[in-house]
S.K.: 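One structure, as structure tokens, below. Some questions next.
Residue numbering restarts at 1 for every chain, and letters A, B, ... go by the order of the sequence lines.
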Number of protein chains: 2
Amino acid sequence: MISPAVLHSNFLADIGRKDIDKILASARVKRVKAKQAIVTRGEHAQYLFILLSGRVRYYKITRHGDEVVFRWLFPGDAFGLGSLLKRPTPYMGTGEALRDGEVLVWSHTKIRALAALHPQLSENALKVVLQYLRDYAKRHIRLVTKSAEERLADVLLIFGHQQGRVGGDQVELEVTNEQLSALADVSIFTTSRIMSKWAHKGFISKERGKVFIRVPEALVTD
Amino acid sequence: MISPAVLHSNFLADIGRKDIDKILASARVKRVKAKQAIVTRGEHAQYLFILLSGRVRYYKITRHGDEVVFRWLFPGDAFGLGSLLKRPTPYMGTGEALRDGEVLVWSHTKIRALAALHPQLSENALKVVLQYLRDYAKRHIRLVTKSAEERLADVLLIFGHQQGRVGGDQVELEVTNEQLSALADVSIFTTSRIMSKWAHKGFISKERGKVFIRVPEALVTD
DNA sequence: CGATGTATTGATGTGGATCAAAATAAGTGG
DNA sequence: CCACTTATTTTGATCCACATCAATACATCG
């Protein structure tokens, strides 16, 4: 049984079903538990991953103890792409599971062999990294041109687009204020205040560890 | 006569001299004049480039008129890598020559054919984009964890490392305060004040459009 | 029911942006 | 070579968005 998430993975785009099956056959499925580190910053990139289920937070702790979150990964997202290189680069951050889940794993050797066999994989790797780069450029622009409130709104909408479950006319996000604040580069205090304001206005509603977006339009800033 | 810059290009790393010659043979050399846009944001990525000489500023203007600089490119740097994809992505920014210079140009079709012939090119493309991504992650960390002064110091040192000509015991950078301020995400006013302070302390000296780093160690913050 | 993670709310402080103005330097064309 | 425009830099005064600090409340859970 193949998870639907993996079939829509960018890393496996434009590859025939038969080839996908072969590629998946040489992967190992690994269960990961919440809070477990899947890859660790600096370590030699020995494996390539596709997230099957769960959520991964990719982050780094600076020498001064500040934690900076690069991005969240959702089912279908590939990471550890440096492992595709002949001489793998070190992982640029630590990838930690936010909840129990599963990843597909290929060793450096295996994924290299597969890429040689299916050039589309190399092409997809480039496409994925370019997308990550674009995402980062957008985040940078957001950071230097938008206010804390606007950034938070953007993050909520992006997040909803990536993982939101639509129920009725609303989107439910499983995320804490603290996690949102890290993605928007806003302090948890300012985040709390803004979220409260929005809840009061009826744009969102909140539970501990959850946000329901009720009026997405109200969060569009641009 | 082959420019030495191109031989050290990351995009051509680990390729034999003979193959490099063939690859270069199918490129076109294009002269670009200062202030000329080589690629324009949003346009279909039809060409891949390697900068031979000169300097390129890769930036975007937001809908509110703010200019955000993604990065500067130096001789040997490749850009327009989205053109390697079967269905090219649009250029994510505008690349503008900062002075007269030259670029190597390959069309989408040609570079795809070359990549098929020399898989190392695809590998290098991935490596280069991964490096750009790492650079962006670093910049992000700098932005959210360091002060304006520290960011400015970092940018000076990085810049010096990338393009500085060493003369005597000092490094000469051809860059205006305004350009530095854009790379460090600091206002031009704060930049001016900090530079003045450093000049006063003897860490650097200044001319219009130039910076001489005299005591690099004094700028190391970490 | 302590313990631990999450959220709220007020008070306080400040880094650095923004605004305003002018000085300096470098072209440019007559 | 001068008058004039245009780019770069400087310097002071002002302001505020947001971080930081401090305290409390609430929820969850073993």
S.K.: What donor-acceptor contacts under 3.5 angstrom involve side-chain atoms of residues 205-212 of chain A, with partners at least two apart or in another chain?
M.R.:
residue, atom, partner, partner atom, Å
A/S205, OG, A/R214, NE, 2.8
A/S205, OG, A/R214, NH2, 3.2
A/K206, NZ, A/N177, OD1, 2.9

S.K.: Which of residues 176-194 of chain B sit near DNA chain D, with a heavy atom under 4.0 Å from it?
M.R.: B/T176, B/N177, B/E178, B/F189, B/S192, B/R193
S.K.: May I ask you to say whether B/D135 pairs ionically with B/R71, meaning some side-chain N is under 4.0 Å from a carboxylate O?
M.R.: yes
S.K.: In degrees, rounded to 10°, what is the bend between the two ends of the helix from C/dC1-D/dG30 to C/dG30-D/dC1, using five pairs at each?
M.R.: 40°
S.K.: Is a salt bridge present between A/R142 and A/D154, judged by a nitrogen-to-oxygen distance below 4.0 Å?
M.R.: yes
S.K.: Are any of the side-chain nitrogens in B/R63 or A/D222 under 4.0 Å away from the carboxylate oxygens of its partner?
M.R.: yes
S.K.: Do the side chains of A/E67 and A/R57 get close enough for a salt bridge, i.e. N-O under 4.0 angstrom?
M.R.: yes
S.K.: Compare all side-chain heavy atoms of A/S107 with those of A/K110 and state whether any distance is below 4.5 angstrom.
M.R.: yes
S.K.: Figure out the NZ/P separation between A/K35 and D/dC29, and round it to whole Å.
M.R.: 12 Å
S.K.: In whole angstrom, give the distance that lies between atom NZ of A/K206 and atom P of D/dA27.
M.R.: 12 Å
S.K.: Tell me, please, which residues at least two apart from A/F49 pass ring-ring contact (aromatic ring centres under 6.0 Å, His included).
M.R.: A/F79
S.K.: In whole angstroms, how far is the P atom of D/dT9 from the NE2 atom of B/H200?
M.R.: 19 Å
S.K.: Provide, to the nearest angstrom, the distance between the CG atom belonging to A/D66 and the C1' atom belonging to D/dT20.
M.R.: 13 Å
S.K.: Between the main-chain N or O of A/K33 and the side-chain N or O of A/Q36, is there a donor-acceptor pair closer than 3.5 Å?
M.R.: yes
S.K.: Can you tell me which residue pairs pass the salt bridge (charged side-chain N to carboxylate O under 4.0 Å, His left out) test with a partner in residues 42-55 of chain B, sequence neighbours excluded?
M.R.: none
S.K.: What do the steps show when you test B/H140 against A/Y136 for ring pair (Phe, Tyr, Trp, His ring centres under 6.0 Å), and what is the final call?
M.R.: CA-CA 9 Å; B/H140 174 217; A/Y136 232 128; 5.4 Å; yes
S.K.: What is the first contacted nucleotide of DNA chain C and what is the last, in 5' to 3' order, if contact means an atom lying under 4.0 angstrom from a heavy atom of chain A?
M.R.: C/dG5 to C/dA11
